[in-house]
Amino acid sequence: MAKLQCFNKRNEAYFQKHKHSFVGFFTAGDPDKEQFFTYMKDAESCGMGIFEIGFPTDDPYADGEIIRKSYEVVDHGIREDMDFWKRLRNTVENPIWIMGYKKDLIDTGIYKKLAKNGVIDAFVIPDLEIEQRLEILKELKTFGVDTLGFIGDRMEWENNYETCELFPIIYQQLYSGPTGCVNNTDTYKRLFHSAKEQSSGHPLAGFGIGTVERATQLLQDGFDGVIIGTAIMKKLNASVEELMTFLKNMETAIEEV
């Protein structure tokens with residue numbers, strides 16, 4: 001089955017070039033704007049693939065403690081600061097995905113401004129109903145911006161099937177609940193194998209991936225890529241050096257799978 005092509009050229013080029021994808025989460029503007037841009041540039045040079053940037057929110061209800069704390073200290077004024085997002089686009093060459101909540105991105109209309117300005121490549125918005133997600137998928141493809149589809153065990157299986165059929169990039173949540181917990185179970189396998197039969201998109205695993213070994217296991221199971229959030233933020237909080245070592249080790253491991 002031929003792969004569904006991404007609507008965004010940068011995403012499509014990345015997937016074509018890499019057998020496996022490495023998506024890493026960073027809170028926008030953390031710990032401050034200047035250091036943030038330095039970290040982004042250094043991270044890319046150390047092997048960071050796709051940048052999933054956390055859009056500042058006042059109520060990160062579904063995030064774990066580490067990410068919630070990062071949202072408390074960043075400048076929320078950057079949300080509508082197009083100069084900030086344009087500078088980020090000019091800082092890294094790899095794809096930039098914005099992860100955020102419906103109330104911050106969709107209800108405010110900011111997603112349209114970001115898409116029209118060409119500063120991002122995809123949106124990662126977990127708390128959308130399938131109908132609205134499909135509407136946004138269709139709307140944003142005209143701007144060359146992708147919208148990730150979500151599948152998971154707690155979602156209606158009919159929605160899982162529809163997502164697999166229509167979305168070029170699919171985020172499979174390995175478990176349900178707030179982010180930040182380590183998850184080493186294999187309960188994802190039933191849904192994953194079903195999704196592989198239905199999908200011609202790129203299935204990515206997310207939630208609870210805390211180590212290089214766990215990421216490698218998921219790629220060996222057949223996922224096209226892994227999405228790592230809390231583990232990256234933990235490393236960054238420990239030290240920049242520790243984070244960069246982690247990114248280098250992840251890049252090496254992914255290339256060997």
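In this text, all values refer to a predicted model and were calculated from it rather than measured experimentally.
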Peer 1: Is the number of heavy atoms from other residues, nucleotides or ligands under 6.0 Å of K103 NZ greater than 12?
Peer 2: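 Count over threshold, so yes.
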
Peer 1: Grab the two heavy atoms, one from K41 and one from V92, that are nearest each other, plus how far apart they are.
Peer 2: N-CG1, 4.4 Å

Peer 1: Roughly how far, to the nearest 0.5 Å, is the CG atom of D83 from the CG atom of N90?
Peer 2: 10.5 Å

Peer 1: Which heavy atom in D224 sits nearest to a heavy atom in H202, and how many Å separate them?
Peer 2: OD2-ND1, 3.3 Å

Peer 1: Quick check against the 3.5 Å criterion: does N8 have a side-chain atom that pairs as donor or acceptor with the backbone of G144?
Peer 2: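 Indeed, once roles are kept as given, a pair shorter than 3.5 Å links the two residues.
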
Peer 1: Measure from the side-chain N and O atoms of R10 to the backbone N and O of I120, and report whether any donor-acceptor pair falls under 3.5 Å.
Peer 2: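 Answer holds: no.
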
Peer 1: Whether the side chain of W85 engages the backbone of I78 through a donor-acceptor N/O pair (distance < 3.5 Å, no angle test) should be reported.
Peer 2: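 Answer holds: yes.
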
Peer 1: Using every non-hydrogen atom in the two residues, find where H20 and L219 come nearest and quote the distance to one decimal.
Peer 2: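 Here H20 and L219 meet closest at CD2-CD2, 3.8 Å.
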
Peer 1: Are the side chains of L140 and F7 in contact, using a 4.5 Å heavy-atom criterion?
Peer 2: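 No, side chains not in contact.
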
Peer 1: Considering non-hydrogen atoms only, spot the tightest contact between V23 and M48 and give its length.
Peer 2: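 Distance-wise, the nearest heavy atoms are C-CE, 3.7 Å.
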
Peer 1: Do D127 and Y101 make a side-chain contact, defined as non-hydrogen atoms from C-beta onward lying under 4.5 Å apart?
Peer 2: yes

Peer 1: Decide whether I67 and V74 are clustered together by the hydrophobic rule: side chain heavy atoms of Ile, Leu, Val, Met, Phe, Trp, Tyr closer than 4.5 Å, transitively.
Peer 2: no

Peer 1: Can you list the steps and then say if F15 with I169 is a side-chain contact (heavy atoms from CB on, under 4.5 Å)?
Peer 2: CA-CA 10 Å; F15 285 127; I169 310 173; 3.8 Å; yes

Peer 1: Can you name the nearest heavy-atom pair linking G210 to F246, along with the distance?
Peer 2: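 Minimum heavy-atom separation between G210 and F246: O-CE1, 4.4 Å.
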
Peer 1: Nearest 0.5 Å, what's the CD1-CG distance between I110 and D107?
Peer 2: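 Separation between the atoms: 10.5 Å.
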
Peer 1: With side-chain contact (heavy atoms from CB on, under 4.5 Å) as the test, pick out the partner of L247 among M250, M244, E251.
Peer 2: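 Of the listed options, the one satisfying the test is M244.
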
Peer 1: Pairing donors with acceptors under 3.5 angstrom, does anything connect the side chains of T245 and K235?
Peer 2: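 Their side chains do not contain a donor-acceptor pair, so the 3.5 Å distance test is not met.
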
Peer 1: Side chains of M40 and I53, heavy atoms from C-beta outward: is any pair under 4.5 Å?
Peer 2: yes

Peer 1: Run the ring-centre check on F36 versus F26 and record whether the distance is less than 6.0 Å.
Peer 2: no

Peer 1: Does a side-chain heavy-atom distance below 4.5 Å link L134 with E162?
Peer 2: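 Yes, side chains in contact.
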
Peer 1: Between R68 and D63, is there a donor-acceptor pair closer than 3.5 Å when you use the side chain of the first and the backbone of the second?
Peer 2: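 Judged by distance alone, yes, a pair lies under 3.5 Å.
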
Peer 1: Side chain of N160, backbone of I151: donor and acceptor closer than 3.5 Å?
Peer 2: no

Peer 1: Counting distance only, does the side-chain N/O of N117 pair as donor-acceptor with the main-chain N or O of K113 below 3.5 Å?
Peer 2: yes

Peer 1: Distance from T57 atom OG1 to D104 atom CG, nearest 0.5 Å?
Peer 2: 3.5 Å

Peer 1: Go through D121 and N11 one step at a time and tell me if the side chain to side chain donor-acceptor pair (under 3.5 Å) criterion holds.
Peer 2: CA-CA 7 Å; D121 304 299; N11 286 334; 5.6 Å; no

Peer 1: Between I130 and T163, does a side-chain contact (heavy atoms from CB on, under 4.5 Å) hold up when you go through it step by step?
Peer 2: CA-CA 8 Å; I130 182 66; T163 296; 3.4 Å; yes

Peer 1: Between the side chain of H76 and the main-chain N/O of Y71, is any donor-acceptor distance below 3.5 Å?
Peer 2: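 At least one qualifying donor-acceptor pair exists.
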
Peer 1: Can a donor-acceptor pair be found, under 3.5 Å and without considering hydrogens, that links the side chain of D146 to the backbone of C6?
Peer 2: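 Looks like no, no N/O pair under 3.5 Å.
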
Peer 1: Would you mind checking if K69 and D30 are paired as a salt bridge, meaning a charged N to carboxylate O distance below 4.0 Å?
Peer 2: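 So D30 does not pair with K69 through a salt bridge.
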
Peer 1: To the nearest 0.5 angstrom, please state how far the CZ atom of R87 sits from the CZ atom of F37.
Peer 2: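 Taking CZ in R87 and CZ in F37, the distance rounds to 4.5 Å.
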
Peer 1: Would you compute the distance between atom CD1 of I106 and atom CD1 of I125 and round it to the nearest 0.5 angstrom?
Peer 2: 3.5 Å

Peer 1: Measuring from atom CD1 of I50 to atom CG of L204, what distance do you get when rounded to the nearest 0.5 angstrom?
Peer 2: 7.0 Å

Peer 1: Could you go through L174 and R214, starting from their C-alpha distance and side-chain angles, then the distance that decides it, and tell me whether this counts as side-chain contact (heavy atoms from CB on, under 4.5 Å)?
Peer 2: CA-CA 12 Å; L174 299 182; R214 176 62 168 164; 4.2 Å; yes

Peer 1: Side-chain contact, heavy-atom cut-off 4.5 Å: F25 with T230?
Peer 2: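 No, too far: nothing below the 4.5 Å cut-off.
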
Peer 1: Quick check against the 3.5 Å criterion: does E44 have a side-chain atom that pairs as donor or acceptor with the backbone of E93?
Peer 2: yes

Peer 1: Between V73 and Y39, is there a shared hydrophobic cluster once you connect ILVMFWY residues whose side-chain heavy atoms come closer than 4.5 Å?
Peer 2: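 Per the 4.5 Å side-chain linkage, V73 and Y39 are not co-clustered.
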
Peer 1: So does P126 get a backbone contact from the side chain of R133, meaning a donor-acceptor N/O pair under 3.5 Å?
Peer 2: yes

Peer 1: Less than 6.0 angstrom separating the ring centers of Y14 and F22, yes or no?
Peer 2: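 Not close enough - the centres of the two rings lie 6.0 Å or further apart.
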
Peer 1: Taking the six-membered ring for Trp, are Y171 and F207 parallel (under 30°), tilted (30 to 60°) or perpendicular (over 60°)?
Peer 2: perpendicular

Peer 1: Testing the basics here: between V212 and A253, what is the closest heavy-atom pair and its distance to 0.1 Å?
Peer 2: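 Residues V212 and A253, closest heavy atoms: CG1-CB, 3.3 Å.
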
Peer 1: Would you say the side-chain atoms of Y111 and E139 include a donor-acceptor pair closer than 3.5 Å?
Peer 2: yes

